A.B. asks: 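Below is one structure. I have some questions about it.
Keep in mind the model is a prediction, meaning the values are calculated, not measured. Below, chain A is the first sequence line, B the second, and so on; all start at residue 1.
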There are 2 protein chains.
Amino acid sequence: MGKHVTLDDVARAAGVSRATASRSLNNRIGVREDVRRNVQKVAKSLGYRPNQAARTLAGGSSSVIGLVLGSAGPRSYSYEAVIVQEVAKAASESDLGLLLVADALAPSQGVRNLLSDGLVSGVVVSVVATRNQWVNELLAADIPSVLIGQGESESPIRTVEVENLESSAEVVGHLLDTGCRRVGTITGPLNRYDAAMRYRGYRLAHERRSLEVDDSLVFEGDFDRDRAYELAAPLLDQNPDGVFGANDQSALAVYRRAIERGLVVPDQLSVAGFDGSFADAYVSPRITSMVQPFREIARGAVGALIEVMGGSNDVSSQYIDPDIFFGDTTR
Amino acid sequence: MGKHVTLDDVARAAGVSRATASRSLNNRIGVREDVRRNVQKVAKSLGYRPNQAARTLAGGSSSVIGLVLGSAGPRSYSYEAVIVQEVAKAASESDLGLLLVADALAPSQGVRNLLSDGLVSGVVVSVVATRNQWVNELLAADIPSVLIGQGESESPIRTVEVENLESSAEVVGHLLDTGCRRVGTITGPLNRYDAAMRYRGYRLAHERRSLEVDDSLVFEGDFDRDRAYELAAPLLDQNPDGVFGANDQSALAVYRRAIERGLVVPDQLSVAGFDGSFADAYVSPRITSMVQPFREIARGAVGALIEVMGGSNDVSSQYIDPDIFFGDTTR
DNA sequence: TTGTATGCGTTATCAA
DNA sequence: TTGATAACGCATACAA
């Protein structure tokens, strides 16, 4: 049954010492090639599998990384779900396991310890969870970490994220260039870097066209769909002919409110968002949006983390450009 | 900096042996109450955090469970994403970490080893990944495991899943009871238990009303949206007045194809699905469906796994009833 | 190139 | 109730 084959067994069966066996299996130098081959053959035939706990304890490193997400709730599934999948894949491709913490807002004590105490040798933290006591402690600890989406913040941490400023300017520019003259926005929480940048992009698009922003068309949301739905009411009262939602959920909420008021989209109102949730959807509406390059972001984050775990002190920010998706909520 | 406080440090500072310190911190019996309290106080003030690797190695148990998913691709996000989130939360609530394997179809060797070799003391496997060489090996190993969605299969493994048969009969019954007389279906892959049961439910609904099933209205899909879209063409050629998609993605595909043909839903064609992806959606269409009780399933699975890890030999199947959601694709 | 011996931090098994 | 001490399985500095 639970007859765990140990390194000792392999060594004995191969007629070598544990050290040589270890070296052989880990492809370390200093082993005669035929010996190595033999050890590996014996190991395989014996069904040897190195005990991860022992390996971690002895070696100091663990081949498991953590992924910390905020999990604001069902609404953020579309975003975080993809991040999870892609990071998991990227990690797997590098033979790294992924320890998922989906409730960074209030993780249990036990789970906290898992991250900071040996089992995990590095963490990828999604910005969604950043402004949080525990997360800050985690980042302050000496565990290698990479941020997704934080931007060039005060904290000197390696970061990978979508390019927010120019991208937002691009999609808002599309609204303006297709005839919209009163373009409103529902922003994300402006104390968050990405939200702030998207808002700046919104203004930038206007500036470049020498257009004024009517501040009565600007509402600060929090990336939450239902909150955006609330804000859509006063926003639509201002009679905009275009709206930029800082994420697709916000844009969707505006769209819905508009439809309920009998507005025709995009004839009377254009709507654009950010994320690209509907770029490959069978549902309606398919919102014009900037498509987040999730795969590249995930790969970039894992790659960066591997570098940091390897000792790199690079704390640069890497920006990845999204593509625009023309849905049917804009002309 | 990396001044790892060890159990030894705590013991010394508290003036006791490592053994006593360990017992105190783990709330084991056989320690004088005041001693225990003191040790715990010292540990906290020193910022002691038990090394998980060492704990696992010495104790044999690991406080980390694995979650294995198939990750068929973007289309299954809606289903698997929720499973991931809920399982992660349920695990966290029990102070268990979650090691996610999202590519059960072809996990890297390193990741495989993580699961079976010490780091993880139990696994939750989603049925999506079941018919797979590696997964079968994993389940055959002596690691405690629980299946989500497998049903009463040949393998004697504890299972938690949604009730498929009666639920499908219920939603198909709704189609029939609202006037549909030619109800077709796009099934899941029928070699899968859940798909087979939903198909049986489809037939059962007819039987109970003494209605015949027109087999030319039955098409075997694979839960994939694009495949369903293909099949929708010949299905609609048969002029059904109702369609049951075995999952919401399939139903959605049928809906789209119907719209493209100029059919009016639900007046000329009713569409129902299974999963409840649109029960709380701002998008259109909101498909009538059975809402999967994901939270209960996740909680049930984790709870069951904890029992199995505790030594339970119970290999029963637990069925959780979904609720019907009346969307706007049926009358 | 190989083997020996020690350490990793904890839990568990014994005596005391 | 406590305290030495032996596992746990592996990696590695050091010696051969």
A.B. asks: OP1, OP2 of D:dC8 versus side-chain N and O of A:N51: anything below 4.0 Å?
C.D. replies: no
A.B. asks: Can you work out whether B:A54 or B:V35 has the more 5'-proximal nearest nucleotide on DNA chain D?
C.D. replies: B:V35
A.B. asks: Which atoms form the tightest heavy-atom contact between B:I320 and B:P293, and what is the distance?
C.D. replies: CG2-CG, 3.4 Å
A.B. asks: Could you state the CZ-C1' distance from A:R18 to C:dA5, rounded to the nearest angstrom?
C.D. replies: 9 Å
A.B. asks: Between B:I65 and B:I306, is there a side-chain heavy-atom distance shorter than 4.5 Å?
C.D. replies: no
A.B. asks: Answer yes or no: side-chain N or O of B:R49 and base N or O of C:dG9 forming a donor-acceptor pair under 3.5 Å.
C.D. replies: no
A.B. asks: Identify whether the distance between the nearest side-chain nitrogen and carboxylate oxygen of B:R36 and B:E33 falls below 4.0 Å.
C.D. replies: yes
A.B. asks: To the nearest Å, give me how far apart CG (B:N26) and P (C:dG9) are.
C.D. replies: 17 Å
A.B. asks: Whole angstrom is fine here: how far is it from CZ in B:R32 over to C1' in D:dT2?
C.D. replies: 9 Å
A.B. asks: In whole Å, what is the span from the CG atom of A:D34 to the P atom of C:dT2?
C.D. replies: 7 Å
A.B. asks: Would you classify A:R28 as touching base, sugar-phosphate or nothing, given that sugar-phosphate means primed atoms plus P, OP1 and OP2, and contacts are heavy atoms under 4.0 Å?
C.D. replies: sugar-phosphate
A.B. asks: What integer distance in Å separates A:Y48:OH from D:dC10:C1'?
C.D. replies: 7 Å
A.B. asks: Would you call A:K89-B:D103 a salt bridge at under 4.0 Å N-O?
C.D. replies: no
A.B. asks: Should B:Y79 and B:V84 count as side-chain neighbours, where that means a heavy-atom distance under 4.5 Å?
C.D. replies: no
A.B. asks: So does A:T20 get a side-chain nitrogen or oxygen closer than 4.0 Å to the phosphate oxygens (OP1/OP2) of C:dT2?
C.D. replies: no
A.B. asks: Using a 4.0 Å heavy-atom cut-off across all strands, classify B:R36 as base, sugar-phosphate, or nothing.
C.D. replies: nothing
A.B. asks: Could you state the atom-to-atom distance from CG of A:L57 to C1' of D:dT12 in whole Å?
C.D. replies: 13 Å
A.B. asks: Starting from the 5' end of DNA chain D, give me the residue, A:R23 or A:T6, whose nearest nucleotide shows up first.
C.D. replies: A:T6
A.B. asks: Atom CG of A:D9 and atom P of D:dC10: how far apart are they, to the nearest Å?
C.D. replies: 9 Å
A.B. asks: Give one of base, sugar-phosphate or nothing for A:L7, where a contact means two heavy atoms less than 4.0 Å apart.
C.D. replies: sugar-phosphate
A.B. asks: So, OP1 or OP2 of C:dT11: does either fall under 4.0 Å of a side-chain N or O from B:R55?
C.D. replies: yes
A.B. asks: Strictly below 4.0 Å: does B:T56 bring a side-chain N or O up to OP1 or OP2 of D:dC8?
C.D. replies: no
A.B. asks: Let's see if you can work this out: which of C:dT11, D:dG3, C:dG3 has an atom nearest to the side-chain heavy atoms of B:A19?
C.D. replies: D:dG3
A.B. asks: Tell me the interatomic distance from B:N38, atom CG, to D:dT1, atom P, rounded to whole angstroms.
C.D. replies: 17 Å
